[in-house]
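Report on the following structure.
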Amino acid sequence: MVNLDKYSSIFVANWKLNGNSSFLKDYYEKLKLNSNNCTIICPPSIYLKSLKTNNENLFCGAQDISSFKEGAYTGELSASMLKDNNVDFCLVGHSERRQHFSETNSSVNSKIANLIEQNIIPVICVGETLEQKDNNLTEEILSTQIKNGIPNSANYKNAIIAYEPVWAIGTGLTPSLDEINKVHDLIKNFDQKFINFKVLYGGSVKSENSKEITELSRVDGCLIGGASLKVEEFNKIIS
Ligand code: PEP
């Protein structure tokens, strides 16, 4: 399993449903890694094997995984199949999966447990919608997502949490720096066991705001969607 404590910051690129072989080749040639950081690229699963990650600062991650281990589940990929293909990380519970694919805290919980069993580090996405934020429900929503979605086997060495306010994803909107730091602090203090967890921020991170966000005391890195698709922009973010 990757030793997360070796890195000063962690950056995750979520390509979502974008990219192809030539995009990947070009991206890889232009990618400029920072030797202090852990960079994780999450392409669509079919491209996971094409990413050359024999570098201690670059890893690949899947964008989702089955909640089942094996069997008659057409279209699914299991945690053991990811392991078999040297995948070290996997996003779990991304808001797009919760919204469009009926992901629940319970399925998130099973997925994380399966990944941890295979020594794959889940990047566990949590976050509130705008309506929930406006109704002062952020703390309650995050607490439920964390309590019901994260199995007991998760700890700060084998799992990462990403705080991604749903209203900030792909919108160009972000919480204030103070809000981000406060929410991360809240997450780390929900329970004694979360204090040392790496907590990443995600939602409209770009080169103009990544430095100030990453420098916040309670932020351990960023999860980047749209801006990770432009390699020059992503290079600036991870530099
Ligand atoms: C994401 O998809 O996890 C994300 C943070 O997207 P964006 O950076 O485009 O807001």
Side-chain angles (χ1 to χ4, degrees), residues 9-19 23-24 27 31 37-45 47-48 59-65 87 89-103 105 108 111-112 115 121-130 132-133 138 141-142 145-146 149-150 159-177 179-181 183-184 187 197-216 218-239:
S9 297
I10 300 167
F11 293 95
V12 184
N14 176 15
W15 286 6
K16 313 191 188 202
L17 189 56
N18 296 293
F23 173 84
L24 195 141
Y27 197 96
L31 186 62
N37 296 336
C38 173
T39 298
I40 304 158
I41 309 280
C42 302
S45 294
Y47 298 115
L48 281 167
F59 302 92
C60 62
Q63 295 176 15
D64 187 37
I65 190 62
V87 175
F89 294 86
C90 182
L91 300 179
V92 186
H94 191 280
S95 66
E96 287 154 14
R97 298 220 57 91
R98 292 181 194 258
Q99 273 175 348
H100 305 306
F101 302 96
S102 312
E103 185 89 280
N105 290 328
V108 166
K111 290 176 182 197
I112 297 169
L115 289 164
I121 298 180
V123 179
I124 308 161
C125 304
V126 296
E128 81 288 358
T129 63
L130 191 55
Q132 289 161 343
K133 177 182 161 59
T138 302
I141 295 297
L142 294 179
Q145 289 175 339
I146 288 175
I150 303 188
I160 295 172
I161 295 175
Y163 169 54
E164 296 211 299
V166 180
W167 52 272
I169 296 181
T171 58
L173 303 171
T174 53
S176 68
L177 294 175
E179 275 175 316
I180 295 174
N181 220 28
V183 175
H184 281 226
I187 292 171
F197 261 67
K198 307 278 181 212
V199 182
L200 314 183
Y201 168 76
S204 295
V205 173
K206 42 189 189 284
S207 58
E208 292 92 73
N209 60 13
S210 59
K211 189 164 184 285
E212 54 188 14
I213 293 174
T214 313
E215 280 175 357
L216 290 168
R218 313 304 271 157
V219 173
D220 301 294
C222 293
L223 171 45
I224 305 115
S228 76
L229 290 170
K230 297 182 196 103
V231 65
E232 287 84 4
E233 172 73 357
F234 190 59
N235 282 340
K236 284 188 207 159
I237 293 172
I238 64 177
S239 69

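Along the sequence shown, residues carry numbers from 1. These numbers come from a predicted model, not from an experiment. We count ligands from 1, going down the list as the structure has it; atoms in each ligand are counted the same way.
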Can you check whether [X] has an N/O within less than 3.5 Å of an N/O in ligand 1?
{"X": "Thr171", "value": "no"}
{"X": "Gly225", "value": "yes"}
{"X": "Gly226", "value": "yes"}

Test item, Ser204 contacting ligand 1 (heavy atom, 4.0 angstrom):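 Ser204 counts as a contact of ligand 1 under the 4.0 Å cut-off.
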- prompt: Should Ala168 be listed as contacting ligand 1, given a heavy-atom distance under 4.0 Å as the test?
  reply: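 Heavy atoms of Ala168 do come under 4.0 Å of ligand 1.
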query: Take atom NZ in Lys230; do more than 12 heavy atoms of anything else shown fall under 6.0 Å from it?
result: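 No - once you tally the heavy atoms of other residues, nucleotides and ligands closer than 6.0 Å, there are 12 at most.
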- request: Would you name the heavy atoms of Thr39 and Ile238 that are closest together and state the gap between them?
  value: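 Closest heavy-atom pair between Thr39 and Ile238: OG1-CD1, 3.9 Å.
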- request: Check each of Ser210, Ser228, Ser207 against Glu233 using the side-chain hydrogen bond (donor to acceptor under 3.5 Å, both in side chains) test, and report the only one that passes.
  value: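 For Glu233, the side-chain hydrogen bond (donor to acceptor under 3.5 Å, both in side chains) test succeeds with only one of Ser210, Ser228, Ser207, which is Ser207.
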message: Tell me the protein heavy atom at minimum distance from atom 5 (C) of ligand 1, and give that distance in Å.
response: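 Nearest protein contact, heavy atoms only, for atom 5 (C) of ligand 1 is Glu164 OE2, 3.0 Å.
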- request: Measure the distance from atom 1 (C) of ligand 1 to every protein heavy atom, then report the residue, atom name and distance (to 0.1 Å) of the closest one.
  value: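 Minimum-distance protein heavy atom for atom 1 (C) of ligand 1 reads His94 NE2, 3.2 Å.
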Gap between atom CG of Leu115 and atom CD1 of Ile121 - 0.5 Å precision: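 CG of Leu115 is found 10.5 Å from CD1 of Ile121.
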Ligand-residue contact atoms, ligand 1 with Leu223, heavy atoms, under 4.0 Å: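 It comes down to these atoms of ligand 1: 3 (O), 5 (C).
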task: Output the list of atoms in ligand 1 that are nearer than 4.0 Å to some heavy atom of Gly203, sorted by atom number.
output: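 Every atom of ligand 1 under 4.0 Å from some heavy atom of Gly203: 5 (C), 10 (O).
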message: For His184 and Tyr201, take the angle between the two ring planes, folded into 0 to 90°, and tell me which bin it lands in: parallel under 30, tilted 30 to 60, perpendicular over 60.
response: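 Rings of His184 and Tyr201: tilted, 30 to 60°.
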query: Does Glu164 come within less than 4.0 Å of Arg98, counting only side-chain N to carboxylate O?
result: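 Between Arg98 and Glu164 there is no salt bridge, as every charged N stays at least 4.0 Å from the carboxylate O atoms.
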message: Checking contacts here: is it the side chain or the backbone of Ala162 that comes within 4.0 Å of ligand 1, counting heavy atoms only? Could be both or neither.
response: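 Neither; no heavy atom under 4.0 Å.
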field: Proximity of Ile169 to ligand 1 by residue part, where a heavy atom lies under 4.0 Å
entry: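 Answer for Ile169: both.
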- request: For Gln145 and Gly127, indicate whether the former's side chain and the latter's backbone hold a donor-acceptor pair under 3.5 Å.
  value: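 Side chain of Gln145 to backbone of Gly127: a pair is present.
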